[in-house]
Amino acid sequence: MPELTRASELVRVTQVPFRRATATIIRGVPVREDQTTASATYNVSIVANSECLPVDPTPGQIWRVEGHKRTYLRDQGHIKTQEHQYREPETLEFLLPDTGETFVQFIADDKAFKGIGDGKARQIWARFGEDIHRMLTAGAPEDYEALSELLSEQSMRALLTGYEKYVNLRHTVWMSKARIPHSIQRRILRHHGLGTVDAIKADPYQLLHFGLDFRKVDGILNHRFGHAWEKKRYPQERTRAAMVQALKDKMKDGSTWVKVSQLKTKASDYLLSPALCNEGIEWLKNSPDVALYHPDGRFHATATAIQELAVAKRLKHLIDARQPLTENEELLVNDVIGDLPYELTSQQALAIYTSLTEGISAITGGAGTGKTTVIAAFLKAADRLGYSINAVALPGRAAMRLHESVGYVTMTVARFLREDPVIHEKALLVIDEASMIDLPTMYRLINHINPNCKLVLTGDPSQSPPLGVGKILRDLTRSKHVPNTMLDIVKRPKVTTGIPEYSHAINLGEVPELLSTGSIHFHELSDPDIALEKAVQLYVQQPAGSGVIAPTKLLVDKINREIQDQVNGQSPLLNRNLDGKDFRPQLRLHDQVLFTQNHPSVGVQNTSFGKLTSVDQAGDVVGSVKLDTGDVVELEGALIDDLSLGYGIMLQEAQGSPFDRIIILLKDSPMLDRSWIYTAITRAVSEVHIIGDPEVLARHVNAQPKAFRRKTMLTNLIDHLVTKGESVQ
């Protein structure tokens, strides 16, 4: 390995071969202070943290780099060249061009300035020189008039559009030096524009509102002012920010409110002073834009409180909208039920009639109780009665399965919210796998449909709660005013898998007498390495239709790497290993993949599954994924960063997505509890493999589930509104 040497030099960018959220590679040639080429004997490569770059690097730009570098000898056939390589340099500063030639190259090489060639660029520099930067950053009307003497309207638009990313350069350079991440920079720039630096200087703790946490802001201030800064600067702002951070922390479990005493305890972790905590609590009581205080001693995050009340009021309106079927309507429904090729249980029939007469209702039950069967019959009846039908599910797999089962057009929640709002008076919305719906999603849904649109939620409230705030389905089933038809009879096929009975016992807190029974196989392995090996082995034996669920991200990552190596290790890579460093998980053609963030504009949401169907790069597009819904998504930008292997998954990623065969790896972790085990087992259609220690299984099944400890107010709000007869505002 070549030795590290300290250096500083100017570099003209010639290529940016790798750019992701985590890292960017810049290649270039060394230049002098006058920005002419300094040496033809070596090239420069820079591996930088993308979050610390003030602008996106583009060929033609000039950057100043300072830090430690290694010198490598590259043998390219008959030519041997040197490469000076910087990794995570101490300084990486973008310089605006200050000579005519560098300005021309800057304009000509950056695709953002499309339509402006060398000739126009030279004319602009000859006329205005370095003043062009001021004119394009904060120009007055007379500046644009002067430019219009040289440029057509189209060229002027191209110049202004291309320069947009440099307008905020002073601010991005300042923030990068302050170690503010690039993603946070973009958010605060959108809000404050050219007043960004002044706004941060006035109160750096406002960075909490843009995604930075309290301790990182403390770290930024320590870096700038030294460790004693808090005694001199921002004492009030810091106290208030600690309360905001404590409130966020307490809401991370999905609760919508927190006790004052618990909030004060959490804030003390940051302030280390009872007096400051009391001061912060008093401020929060009088800050309704942040939190709402209730005299019985609790705080509600304001945005969440507004959403919870809005949902409660809409549901109260729908509860009041109950309308019995007419005699003719009842005959139509009876005809639909009579024409079914199967016989419904009394509860299934009740669910259909209830859903048709109530404005809001729920149909719940465990695996194998026939929820989808009921929905199919209900939708046929609703169609005959003239309803406009909408059916959605959060995951793509669940939406596709719902369509296959009911025969009506279904879509993911993300796609439904991109479509035109439902304006019909006589409409209904069925939400399948509703245990996954959180409060913000429910709030968006009710604002996307006519106030009189009938709502039917189906699912299993015993499954793990949603990723986000709230627990909508569970709260509705606890309300005495929302009709809920619970299906509790397992419709057994001729050959039973045993999965419904097994999962039902676990849901009741009972360890099944036989750990292996029917299509459920328990593999008693306490050694974590051997258990992991067994999980991979089982998957490799039958990859089609299989999925592996584990309770920790570390385990999931190990499983994915091992399975990929064994089932798809020879396929072409999506991205190469550049300069000997892996910048992200390696993805290969034909890999099972999973998106980990929402991208509604292209129909992708967190937990969307698919298969990597192309690794051919064309411009910024590096490949494509065919989703389980059948849609094809081209991979570029943030989509690439938010893609991971999907052989092994966390439980939240599996919810709503049935697999023919599920392999469950048990391991003690904060995530593991009774509802986790129950939900994991119910992801399987025909076969379950559980790997682990029977004592771990028994301990978590016997204990009360912790997944529903999140504190919400929706049930109380609904019952209060109905009882008091409060009208919807």
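Computed from a prediction, not measured in an experiment: that's the story for all the values here.
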So, does Thr613 use its side chain to make a donor-acceptor pair with the main chain of Ser624 at under 3.5 Å? yes
Kindly check if the number of other-residue, nucleotide or ligand heavy atoms within 6.0 Å of CD (Gln570) is above 12? no
So, the side chain of Lys216 versus the backbone of Ile180: is there a donor-acceptor pair under 3.5 Å, distance only? no
Ignoring hydrogens and angles, tell me if any N or O in the side chain of Tyr539 forms a donor-acceptor pair with the backbone of Val567 under 3.5 Å. no
Can you label the angle between the His521 ring and the His689 ring as parallel, tilted or perpendicular, going by 30° and 60°? parallel
Would you tell me whether Thr712 and Asp475 have side-chain atoms, one donor and one acceptor, within less than 3.5 Å of each other? yes
Ser686-Asp660 side chain donor-acceptor pair, cut-off 3.5 Å: no
Atom CD1 in Ile520, atom CD1 in Ile662: separation rounded to 0.5 Å? 12.5 Å
Would you call Arg215 and Asp218 a salt bridge, taking side-chain N to carboxylate O under 4.0 Å as the test? no
Could you grab the distance from atom OH of Tyr647 to atom CG of Asn560, nearest 0.5 Å is fine? 8.0 Å
Identify, with sequence neighbours excluded, every residue that meets salt bridge (charged side-chain N to carboxylate O under 4.0 Å, His left out) alongside Arg661. Glu687
Would you please say whether a donor-acceptor pair under 3.5 Å links the side chains of Gln245 and Asp249? yes
Taking side-chain contact (heavy atoms from CB on, under 4.5 Å) as the definition, give me every residue that meets it alongside Ser503, ordered by chain and number, with sequence neighbours left out. Tyr678, Ile681, Thr682
Over 12 non-hydrogen atoms of neighbours within 6.0 angstrom of NZ in Lys248: yes
Start with the C-alpha distance between Asp269 and Lys266, add both sets of side-chain angles, then the distance that settles salt bridge (Lys or Arg N to Asp or Glu O under 4.0 Å), and finish with yes or no. CA-CA 6 Å; Asp269 292 345; Lys266 186 62 187 177; 3.5 Å; yes
Within the 3.5 Å criterion, strictly below it, is a donor on Ser50 or Thr24 matched to an acceptor on the partner's side chain? yes
Is it true that Asp557 and Arg561 make a salt bridge, defined as a side-chain N closer than 4.0 Å to a carboxylate O? no
Is the distance between the ring centroids of Tyr205 and Phe214 under 6.0 Å? yes
Is there a donor-acceptor contact under 3.5 Å from the side chain of Asp628 to the main chain of Ser608? no
Determine whether a donor-acceptor pair (N or O, by modelled atom type, separation under 3.5 Å) exists between the side chain of Arg474 and the backbone of Pro461. yes
Using distance only, find each side-chain donor-acceptor pair of residues 691-704 under 3.5 Å and give its atom names and separation, not counting sequence neighbours.
from: Asp693; atom 1: OD1; to: Glu695; atom 2: N; distance (Å): 2.9
from: Arg699; atom 1: NH2; to: Asp668; atom 2: OD1; distance (Å): 2.9
from: Arg699; atom 1: NH2; to: Asp668; atom 2: OD2; distance (Å): 2.4
from: His700; atom 1: ND1; to: Leu672; atom 2: O; distance (Å): 3.4
from: His700; atom 1: NE2; to: Asp668; atom 2: OD1; distance (Å): 2.7
from: Asn702; atom 1: ND2; to: Ala698; atom 2: O; distance (Å): 3.0

Which heavy atom in Ser675 sits nearest to a heavy atom in Pro705, and how many Å separate them? N-CB, 4.1 Å
